[in-house]
Each structure stands twice: as structure tokens, then as C-alpha cells.
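Report on the following structure.
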Amino acid sequence: MPLQVYNTLTRRKETFEPIDPGHVRLYVCGPTVYDFAHLGNARPVVAFDVLYRLLKRLYPRVTYVRNITDVDDKIIDASKASGEPIDSITSRTTRAYQQDMAALGALPPDVEPRATEHIAEMIRLIEMLIQRGHAYAAEGHVLFSVPSMAEYGRLSRHNREELIAGARIDVAPYKKDPADFVLWKPSTPDIPGWPSPWGRGRPGWHIECSAMSWKHLGETFDLHGGGLDLIFPHHENEIAQSRSAHGTPVMARYWMHNGFLSVNSDKMSKSLGNFFTVRELLAEAPGEALRYFLLSGHYRAPLDFTRQGLAEAKAALDRLYTPLWTPDPFLPAGAAPPAEADIPADVVDALLDDLNTPLALSRLHALASDINRSRDPVEHVRLKGRLRKGGGLLGLLQQNADAWFRAPSPGGTKLGEAEIEQKIAARNAARKARNFAEADRIRQELFQEGIVLEDRPSGNTEWRRA
RNA sequence: GGUCCGGUGGCAGAGUGGCUAUGCAGGGGACUGCAAAUCCCCGUACGUCGGUUCAAUUCCGGCCCGGACCUCCA
């Protein structure tokens, strides 16, 4: 079964056919670095991380580019408000972003270009657009001429007239057409700016992605991803810029957009103030649980964030890690050692169908059940390997099960491992003396501390944090 | 107004023209000194009204309800 992706350009699921099967190229819109990322910002990162992992399995070479927008009026505003220098804000926030995404198990992209390091490419692109009659300079600004592009609006399925009719902002007087948008704008001396043929200024929002994707992936590439809200205007304008500058029929062949994360059915957003930063959530749950939560819904569907949902994600991971936690059975003498585990095909198939992660997760659970039922030692070990491999495709189940169950949790017990082991030894002594009241008292005592004991058939007592 | 998504069991969330995932929660049983974990069994859900069909939750149409986008936004 080939990879199928839902393409926003055609509004249907299509078979993915790379331009160059030897080298797949993917671009995802990254963050504007002026504040910590919230869980909604993390959703595309995790979703497209699964895509990246899948593509890497399918093709010999994949280049994944995710930009860092480090020049933007929101950054300027943040600096003015706090007094913190712009460089400090952007470098600090970029670092935090990278740490947070790593904590969610997202692989770093192959290239993470910064807008400020691509000003020359942006200026070049703007010059090309002017040359070809798709842009014009006016009062220190350079604007893209929307009427110059016949196919403008194809991605968002908006036509120019509707846009003008529905516009929520006033039309700047220097625009020739109300739908025209800014490629370059002048900077006053107190804010960041770069010399350009149109005077000292800074880029508009959309041009940077056109410049960076061009430089790192070429004029036309395979996949472009981002949040649903970027379809218009951001991606529409990127397409207009790139296609018009290069004279190409498409910018990216497949456009993928993730749905929103909501909180009590309201979109999680900074302006509504109902957001949870990845950072604060990492203080109450493991990154892997947050990742599982994000993958528990299909990437295009809305996903409602609740503490209960997060707790269920953690419980589901407990269930998947449980069979991985039990020691491998002894292989019968003379038995062939289990072969290198294969990737579970049904998990791959689920992902090939437009990244159906909920279905893929259910297949992981089926695999866990198989392991729990398995009585054959060789089969048991082989299935465990498969579960790990399948989890790996989703960026899950890669840590040591002991670490998963025993890593100190924020707000958890203050008891150290040595103290826990000590209490377990005391309890086992009581059990041996058939003093079950004392044994149960210790069990209860540990339970109050969030420690669960499991007496194994082997006679060992294992503990884990609830 | 325009464009585009959805409405599935107590909750979350897949999927399918007939065999009704998966997890959590709940009930019963096995196992256990007690537990935990695990295993077995259980509750027969698909907004609404029509249509097509031998058969529709699944296809088509109307309606109702909810959501997103229409130059801040993942």
C-alpha cells in the first residue's frame, strides 16, 4: 500500500508520488520565537514528526526543513514591552522551543533555517517578482500584486473579490489593489532593519518561507505542512510568491494541514489566554504522555485538551510499557535466538493511510495483548521487539520500561529508591512471618506515596510509580 | 455572506454497504494471603428525516446542531 495523504490543494486523499523518489523534500512552518510554545503549537510538530519518520522508512533520503521566524513585529512588540533585547528574546525562545519539542520526542529537522540569515535570498526573490511584473515598490514598501496571478486563491478556494469583501482590516493607501500584500516594509531607526534597494527595512511575514524553502529545497518540492489557520493568508501568499518568482506551476505538490487543539471547545490560543505551554505541562506529565495524547486523535481533526485526556494517555502508555517491563522468558535450550524483530505491517499501514495515528495506536495495543497472552518464549521475545519497532515509528516506547515506571514524577513521592527497596524488604520479611497485617500496612503506606507494588510469581516484588 | 470541516456506546476515538476497532471508566469471573498486573466474558453506539439497496452507522439528498478560516494565530 502506497502512502496516501490528504492534499489541501485538491481537498482529497491522494497517493503520494515524490518528485525525486531518491530524495523527498518536506517543509513545515516553524515558530515565531517570542514566547514559549503552547501545546497547540506542538501539534503540527508531532504530527509532521510522524510523517518524517514514516518518509525516512519509505525513501532513501528525506530533507525536512522547519524554519525559525526570528524577525517579526510580534518580537519587536515583546521587546518593547519587556525591555529585553531582541537577540536575547529570539535566542532564548529558540532554545526553549528546541528543548520542548525534543521532550515531546520530535526529531530535529535536517535544516532549521533562521529568517534573519536569509535576508539576501528574500531581497533576491522580491527583485525577481518586481522584474516579472508581480510586485511593485510604493512608499518604501514592496507589495505583491495579487491581480498579477491568475490562480491566486487556489489553495484556500477564495477569490479576490470575496477576500476584499470579507477583509477585516483597512486597506493601506499605497496598495494598488486591496488584496495586495506586503513583501518588504520600511523600518524606523529604532527597530531591526536591513539595507535593500527600497531603503532600510524588514521582510513581510510570507516572503521568508518562500525564500528559505527555495534555498533549502528548491523551486518546487514535495510536501508543505502547517496549521489549518495558515492556509489563508500565509500559504496562499507563499504559493503566490514562489510560483510567480520562479514561473512554476506548483510550489509544493502536497499541502498538509493539522486541525486545532481546543480547550473546552475553544481554540487554544494566546489571545484567548486559554493555553498551556508545553513547558508547564511537562512539569505535570512525561513528554511521552503528551506526545501520545497528541497522537490519540487524527491530525486533521480537532482535538480537545483535558487533564483527563492526558491522564488517559499516560494510562495507555502504562499498558503498552507493561509487557516491555517484564523480563524476557528463558529460551528453551537449543532454541534459535529470535530473529531481528520486524516492523508491524498493520501499524505501518495505518500510518500510510494519511497518518491514521489512532488506528496505529490501537494496533500497538493489540500487539501488547498478544504479548501478554503469548506462552511461547521465542514468540514472546519476538513480539516485544515488534512492539518496540512499531512504537518507534510513532516516536513512542523507546525508553527503558524501568525508566518509564520508576522515573521520579513531578509532585510525586519524595521517597528515594533505596528507601522504597527498604520498605519492600521489610514487607517481605513480614510476609514470610505471615504477618499479613504488617505487610498490608507497608503496602498501603507506599501506596499513599504513589508507589504500587506487584508481587510476581517469581517471588520478586516490583514497584512502580502510579 | 463566501470557503471548508464535523456530529459514533458513560468518556476519548478509529472504521466499515452485511462479520460492529482500541483505550479509559463500569459489571462478572480466573489468578493472588491481600493486592497490582494479566487473561476470559459482558453492556449491542453511530444527529435527524427521506432516498438508493436484498441489506446503510457506512452511499445520495434535505434538515438540525457544532466548529474553523475569510489578511495576529499551529
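Because only heavy atoms are used, hydrogens play no part in the values below, and waters and symmetry mates are left out as well, while side chains stay in. In what follows, chains are A, B, ... by sequence order, proteins preceding strands, each numbered from 1. Being a predicted model, the structure only gives us computed values, none of them experimental.
For B:C73, its base sits under 3.5 Å from the side chain of A:Lys267 at one donor and acceptor pair at least. If you check distances only, the side chain of A:Arg300 never reaches the base of B:G13 with a donor-acceptor pair under 3.5 Å. In this model, a side-chain donor or acceptor of A:Arg431 finds a partner on the base of B:G33 within 3.5 Å. Counting distance only, with no hydrogens placed and no angle test, the side-chain atoms of A:Asp73 and the base atoms of B:C72 include no donor-acceptor pair under 3.5 Å. Side-chain atoms of A:Arg443 and base atoms of B:C34 include a donor and an acceptor less than 3.5 Å apart. A donor N or O paired with an acceptor N or O is not found under 3.5 Å between the base of B:G15 and the side-chain atoms of A:Asn356.
A:Arg363 has no carboxylate O lying under 4.0 Å from a charged side-chain N of A:Asp370, or vice versa, which leaves the two without a salt bridge. A salt bridge links A:Asp73 with A:Arg202: the distance from a Lys NZ or Arg NE/NH1/NH2 to an Asp or Glu carboxylate oxygen falls below 4.0 Å. Looking at A:Arg441 and A:Glu438, a side-chain N of the basic residue comes within less than 4.0 Å of a carboxylate O on the acidic one, giving a salt bridge.
Between A:His158 and A:Phe232, the ring-plane angle classifies as perpendicular under the 30° and 60° cut-offs.
Closest to the side chain of A:Asp455, out of B:C69, B:A35, B:A14, is B:A35. Closest to the side chain of A:Thr322, from the set B:U3, B:C34, B:U38, is B:U38. Closest contact between the side chain of A:Asp440 and the listed nucleotides B:G33, B:A74, B:A14 involves B:G33. Closest to the side chain of A:His38, out of B:A36, B:A74, B:C69, is B:A74. Among B:A21, B:C70, B:G33, the nucleotide with an atom closest to any side-chain atom of A:Arg427 is B:G33.
Base-pair partner of B:C59: B:G51 (Watson-Crick or G-U wobble, both distances under 3.5 Å). Pair assignment for B:A25 gives none, since no Watson-Crick or G-U wobble pairing has each distance under 3.5 Å. Across the strands present, B:A30 finds its partner in B:U38; the criterion is a Watson-Crick or G-U wobble pair with both atom distances under 3.5 angstrom. Pairing for B:C69 goes to B:G2, judged as Watson-Crick or G-U wobble with the two contacts each under 3.5 Å.
Each of A:His141, A:His134, A:His206 was scored for a ring pair (Phe, Tyr, Trp, His ring centres under 6.0 Å) with A:Phe181, with one residue passing: A:His206.
A:Ser79 and A:Glu84 form no side-chain donor-acceptor contact under 3.5 Å, judged by distance and modelled atom types alone. A:Tyr27 and A:Asn67 share a side-chain donor-acceptor pair at under 3.5 Å.
Checking the phosphate oxygens (OP1, OP2) of B:A74, no side-chain nitrogen or oxygen of A:Asn258 falls inside 4.0 Å. Contact between the side-chain N/O atoms of A:Arg157 and the OP1/OP2 oxygens of B:C4 is found at a separation under 4.0 Å. Applying the 4.0 Å criterion to OP1 and OP2 of B:C40, one finds that A:Arg373 has a side-chain N or O inside that range. Close to B:C73, at under 4.0 Å from its OP1 or OP2, lies a side-chain N or O of A:Trp205.
Straight-line distance between the C1' atoms of B:U16 and B:U8: roughly 12 Å, to the nearest whole Å. Look at the P atom in both B:G28 and B:A68: the space between them is 43 Å, to the nearest Å. Rounded to whole Å, the C1' atom of B:U44 lies 40 Å from the corresponding atom of B:U3. Comparing the C1' positions of B:U48 and B:A14 gives a spacing of 23 Å, expressed to the nearest Å. When the C1' atom is used for both B:C42 and B:U20, the distance is 15 Å, rounded to whole Å. Separating the C1' atom of B:C46 from that of B:G7 is a span of 10 Å, rounded to the nearest Å. Nucleotides B:G18 and B:U22 place their C1' atoms 22 Å apart, quoted to the nearest Å. To the nearest whole angstrom, the two C1' atoms, one in B:A45 and one in B:U53, are 23 Å apart.
Not less than 6.0 angstrom separates the ring centroid of A:Tyr97 from the ring centroid of A:Phe36.
Atom pair A:Leu51:CG and B:A74:P shows a separation of 20 Å (rounding to whole Å applied). Per the geometry, CG belonging to A:Leu155 stands 20 Å off P belonging to B:A68, to the nearest Å. As a whole-Å value, the separation of A:Ile442 CD1 from B:A35 P is 18 Å.
Counting non-hydrogen atoms under 4.0 angstrom, A:Ile231 reaches nothing in the nucleic acid.
If you find the closest nucleotide of RNA chain B to A:Glu454 and to A:Leu303, the one lying nearer the 5' end belongs to A:Leu303.
Summarising the geometry of A:Ser269 relative to A:Phe275, their closest heavy-atom pair is O-CD2, 3.6 Å, with the distance given to 0.1 Å.
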Per-nucleotide protein contact along nucleotides 22-28 of chain B, 5' to 3', at a 4.0 Å heavy-atom cut-off (B base, S sugar-phosphate only, - neither), is SBS----
